[in-house]
Amino acid sequence: MPINKIVSSFDEAVADIPDGATIMIGGFGTVASCPTCLLEALARKGIKNLTTVSNTTGFGSDVWKLLGYKFSEDMDILVRNGQIKKSIVAAPVSTIYQNTFEKLLRAGKVEVEMVPQGTLAERIRATRAGLGGVYVPTGVGTVVEQGKEKKVIDGRTYLLELPIKADFALIKAHKADRWGNLVYRRTSRTFNATMAGAARVTVAEVDEIVELGELDPEVIVTPGIYVDRVVVRPKEIKVDDKPISQEALESNRRMKERGSS
């Protein structure tokens, strides 16, 4: 039987994710690199007590709508649905916007394990590579080193950071073929490519599926061996006419003042 990793719907793509699963969620700074439709399917599924591994904990759809993004849901959709038990994350909160995760964290309703961004990437890569851990210099002399093995190499102190393992990785890519070979656009290459293959099951949400042979082998970043399922985004999406919250409007004003929008 020819290899075909394409599944017909986002709900089917996440159907076997159970309560209590550990899930890597790809994406970097903006919603453009997030697996939005897969996150919406997880929200519809309603599973609870999830442990997530991600670069951020999300900012919410209102923030991204104001900035003009077509697909606006990020990890915040799971946080505000009360589906998250713990987040292993590099940037859980924002300096200009109190996101849902920060509100729940201050209320004692979620747990957090903060990991420096580069260390997070290396711990994820270690899982995919089958390593027992990596030695990094980040965190030496701070609270980050507590409980960790230290080793001096060439006169510099390093910390042993253990691999981060997950049951599922939900990632976003630009194009795929039915074998699961992936190419990315811009910043979406970061944690999405890092997480592909680092979980027991990797599911890729893509803008377009092309025929075998159309992807230039020289530009394929993630070989299909690291991908288990591929699902394509809809060309047309339903426009949500819900009013933008005052909190998001204020956040947008502050971002424009700072010149970061």
Polar contact flag, side-chain donor to acceptor under 3.5 angstrom, Thr57-Asn99: yes
Test item: Leu38 and Val203 side chains (from C-beta on) under 4.5 Å apart, heavy atoms: yes
Rounded distance (nearest 0.5 Å) linking atom CG of Leu50 with atom CE of Met75: 9.0 Å
Sub-4.5 Å side-chain heavy-atom contact between Tyr69 and Thr36: no
Using atom types as modelled, flag every donor-acceptor pair under 3.5 Å from a side chain in residues 127-143 to any protein atom, sequence neighbours excluded.
unit_1 : atom_1 : unit_2 : atom_2 : d
Thr127 : OG1    : Ile164 : N      : 3.3
Thr127 : OG1    : Ile164 : O      : 2.5
Arg128 : NH1    : Ala193 : O      : 3.0
Arg128 : NH1    : Ala196 : O      : 2.8
Tyr135 : OH     : Glu149 : OE2    : 2.7
Thr142 : OG1    : Gly139 : O      : 2.7
Thr142 : OG1    : Val144 : N      : 3.1

Contact check, side chains of Tyr158 and Glu145, non-hydrogen atoms, under 4.5 Å: no
Cluster overlap Tyr184 with Leu215, hydrophobic side-chain contacts below 4.5 Å: no
Check: Thr119 side chain, Val115 main-chain N or O, donor-acceptor pair, under 3.5 Å: no
Check: Val79 main-chain N/O paired with Asp76 side-chain donor or acceptor under 3.5 Å: no
Hydrophobic cluster identity match, Phe10 and Ile6, side-chain contacts under 4.5 Å: no
Heavy-atom check, side chain of Leu182 versus side chain of Asp177, under 4.5 Å: no
Show me the donor-acceptor pairs within less than 3.5 Å that the side chains of residues 19-34 make with the rest of the protein, sequence neighbours left out.
unit_1 : atom_1 : unit_2 : atom_2 : d
Asp19  : OD1    : Lys48  : N      : 2.8
Thr30  : OG1    : Ala32  : N      : 3.3
Ser33  : OG     : Phe28  : N      : 2.9
Ser33  : OG     : Thr30  : O      : 3.1

NZ/NE/NH1/NH2 to OD/OE distance under 4.0 Å, Asp207 and Lys172: yes
Side chain Asn181, main chain Gly224, donor-acceptor under 3.5 Å: yes
Side chain proximity check, Lys5 to Trp179, heavy atoms < 4.5 angstrom: no
Rounded distance [0.5 Å steps], NE2 in His174 versus CZ in Arg233: 11.0 Å
Between OG1 on residue Thr52 and CD1 on residue Ile84, distance to nearest 0.5 Å: 4.5 Å
Neighbour count above 12 (heavy atom, 6.0 Å) for Lys70 NZ: yes
Electrostatic pair Arg44:Asp11 at N-O distance under 4.0 angstrom: yes
Main-chain N/O of Leu160 paired with Lys148 side-chain donor or acceptor, under 3.5 Å: no
Atom NZ of Lys45: over 12 foreign heavy atoms under 6.0 Å: yes
The single option from Val232, Val227, Asp228 passing side-chain contact (heavy atoms from CB on, under 4.5 Å) against Val230: Val227
Over 12 non-hydrogen atoms of neighbours within 6.0 angstrom of NZ in Lys109: no
Joint cluster assignment, Ile88 & Met195, ILVMFWY side-chain distance < 4.5 Å: yes
Carboxylate-amine/guanidinium proximity below 4.0 Å for Arg125 and Glu161: no
Enclosure of Arg189 CZ (heavy-atom neighbours >12, cutoff 6.0 Å): no
Minimum heavy-atom distance between Gly197 and Thr202, given as atom pair plus value: N-OG1, 3.0 Å
Side-chain touch Cys37/Phe71, heavy atoms, less than 4.5 angstrom: yes
Interatomic spacing from CD1 in Ile77 to CD in Gln83 - rounded to 0.5 Å: 8.0 Å
Nearest heavy atoms of Glu12 and Ser9, plus distance in Å: N-OG, 3.0 Å
Side-chain heavy-atom pair Arg185, Lys175 within 4.5 angstrom cut-off: no
Single-linkage hydrophobic cluster, 4.5 Å side-chain cutoff, Phe101 and Val53 together: no
Main-chain N/O of Val152 paired with Thr157 side-chain donor or acceptor, under 3.5 Å: no
Spacing of OG1 belonging to Thr190 relative to CG belonging to Asn55, to within rounding of 0.5 Å: 7.0 Å
Arg186, CZ: over 12 other non-hydrogen atoms inside 6.0 angstrom: no
Rounded distance (nearest 0.5 Å) linking atom OG of Ser54 with atom CG of Leu170: 11.0 Å
Sub-4.5 Å side-chain heavy-atom contact between Val112 and Lys86: no
Shared hydrophobic cluster, Val93 / Val89 (ILVMFWY, side-chain heavy atoms < 4.5 Å): no
Ion pair Glu73/Arg80, N-O distance below 4.0 Å: yes
Minimal non-hydrogen separation, Arg123 against Leu162, with atom names: NE-O, 2.6 Å
